[in-house]
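Working notes, structure below.
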Amino acid sequence: MRFVDEFRDAEKARALSAKITALCEPGRQYKIMEVCGGHTHTIYKHGLEDYLPECITLVHGPGCPVCVIPMGRIDDAIHIARRPGVLMTSFGDMMRVPGSGGNFFDSNAEGTNIRMVYSPLDSLKIARQNPRLRVVFMAIGFETTSPSTAMTLLRAKAEGLTNFSVFCNHVTIVPAIKAILDSPDLRLDGFLGPGHVSTVIGCRPYEFIARDYGKPVVVAGFEPLDILQSVYLLMRQLAQGRAEVENQYARVVPWDGNPVALDAITRTMQLRPYFEWRGLGFISHSAMRLRDEFAAYDAERIFEVPGVRVADPKACQCGEVLKGVLKPWECKVFGTACTPETPIGTCMVSPEGACAAYYNFGRFSRQRVREASRA
Amino acid sequence: MCLGIPGEVIEISEERPDLAKVAVSGVKRTINIGLLADDPPVPGEWILIHVGFALSKIDEQEAAAALEFLESIGKAYEDEMAALLESRIE
Ligand code: SF4
């Protein structure tokens, strides 16, 4: 074992590593999915796979909200941004996500006005200060971000703003996990549940995974030790034949989530019948749209959105990476045609994306090291 | 945009109780604390901030650990802080 990137608690990490190894059944292979992109980031940054016995593989899940936005939605956003008087805003991570005819920077070079903001509230402020512009916030994110959009919408309505709208692309994590559980491609042993999403939705929504699929879930924090501790808790459940939802991150995540945030989402948004996810295809009830009461703030209703479906580029294997079927480095264009500077797929754009995390930290996974030594 | 950044509440706005001045890595910014309306933070308490909103209260020790983690991940955190410094929520 190599300890690539020593961190403060490397000693404790080694102790946990030994406890995890002791729980492995001889001859059994374990696949654990970390749902959240933040976890992926920590795992690569600290080379955590090197602290785990070889029988445990961490597979990266679909929990990076930038990565799951399909190309067609970028094209739709650019279509809105081209309408007269529109100023579109979105998070910085969205600027380099490729659409079929280029990304937001390319689009700006051709005359659109798409700006990055830190918060939807910054967007609201731009709308207030520029009454002649039609300000559209391109909202993306899981339940960590949707309450912020919801609160912003409530505020916009209370202020009676008429030049602010939201192009809503909020997605919900549970149907995506279910789609992965139902997909025949992958056999998983358990899940590391997302930390920040769970501060909003709590731990209960994961109970079906334990109950109906018999797989343990441990909601995990973001530090290296949190993740190792959570892997240990999962392995302990597997060794004892239990499948439950455990909360390793209880110091931040309340079991019942944040009722104010959930209420704000419910007041402003409702589930769409279906939504396209990059690489995962259409998943029913997996995303949010604005409620009819907020039609006046819904960019999809104000501006006609073509809603075209664009196939992902042929070279791109993000779908497999998002489902955890492929490791980033197994994609044919990884690190050659596809890099963070010139991303082909979304997983290379956001720092939480598995490909970007892997590329940035130059990790050689154990498999790769083994294959290289065999070659 | 996925990072949760810790900040220490400095003061709550008098006219707008859903807004607070918060110290984040040494700089003061206005943050919306409306999502914590059930149990609003008071000056001196720490919160986890996500796209301009406080998502949950945390204790000081957790804040220090979260900060150390963020600093360790480098560029993604720098970008997030740069974006936050541009932010002028009201
Ligand atoms: S390397 Fe690029 S194209 Fe391949 S899966 Fe990753 S992001 Fe997609």
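Residues passing the side chain to side chain donor-acceptor pair (under 3.5 Å) test with Glu60(B): none are found, sequence neighbours excluded. By the ring pair (Phe, Tyr, Trp, His ring centres under 6.0 Å) test, His39(A) is found to be paired with Phe222(A), residues two or more places apart in sequence or in another chain being considered.
Within the 4.5 angstrom heavy-atom criterion, only side-chain atoms of Val200(A), from C-beta onward, approach chain B. For chain A, no part of Ala82(B) is nearby; none of its heavy atoms comes within less than 4.5 Å. Both the backbone and the side chain of Ser148(A) come within contact range of chain B, with heavy atoms under 4.5 Å apart. Only the side chain of Pro259(A) comes within less than 4.5 Å of a heavy atom in chain B; its backbone stays farther off. Contact of Val252(A) with chain B is made through backbone and side chain together, with heavy-atom distances under 4.5 Å.
The CG atom of Asn258(A) sits 11.5 Å away from the NZ atom of Lys57(B) when rounded to the nearest 0.5 Å. Here the CG atom belonging to Leu55(B) is positioned 11.0 Å from the CD atom belonging to Glu143(A), to the nearest 0.5 angstrom.
In this structure, Gly34(B) and Val260(A) approach most closely via the heavy-atom pair O-CG1, 3.6 Å.
Under the 4.5 Å side-chain criterion, counting only non-hydrogen atoms from C-beta, Val51(B) is not in contact with Thr144(A).
Of all residues spanning residues 39-48 of chain B, those with a heavy atom less than 4.5 Å away from chain A's heavy atoms are Leu48(B), arranged by number. Residues of residues 15-23 of chain B lying within less than 4.5 angstrom of chain A, judged on heavy atoms, are Arg16(B), Asp18(B) in numerical order.
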TODO: Show the numbers, then the answer: is there a side chain to side chain contact (heavy atoms under 4.5 Å, CB included) between Thr145(A) and His50(B)?
DONE: CA-CA 7 Å; Thr145(A) 334; His50(B) 182 77; 3.4 Å; yes
Open item on the list: Checking Asp59(B) against Arg251(A) for the side chain to side chain contact (heavy atoms under 4.5 Å, CB included) test, could you report, in this order, the C-alpha distance in whole Å, the side-chain angles of both residues, the deciding distance, and whether it holds?
Closed with: CA-CA 8 Å; Asp59(B) 65 24; Arg251(A) 57 189 202 271; 5.8 Å; no
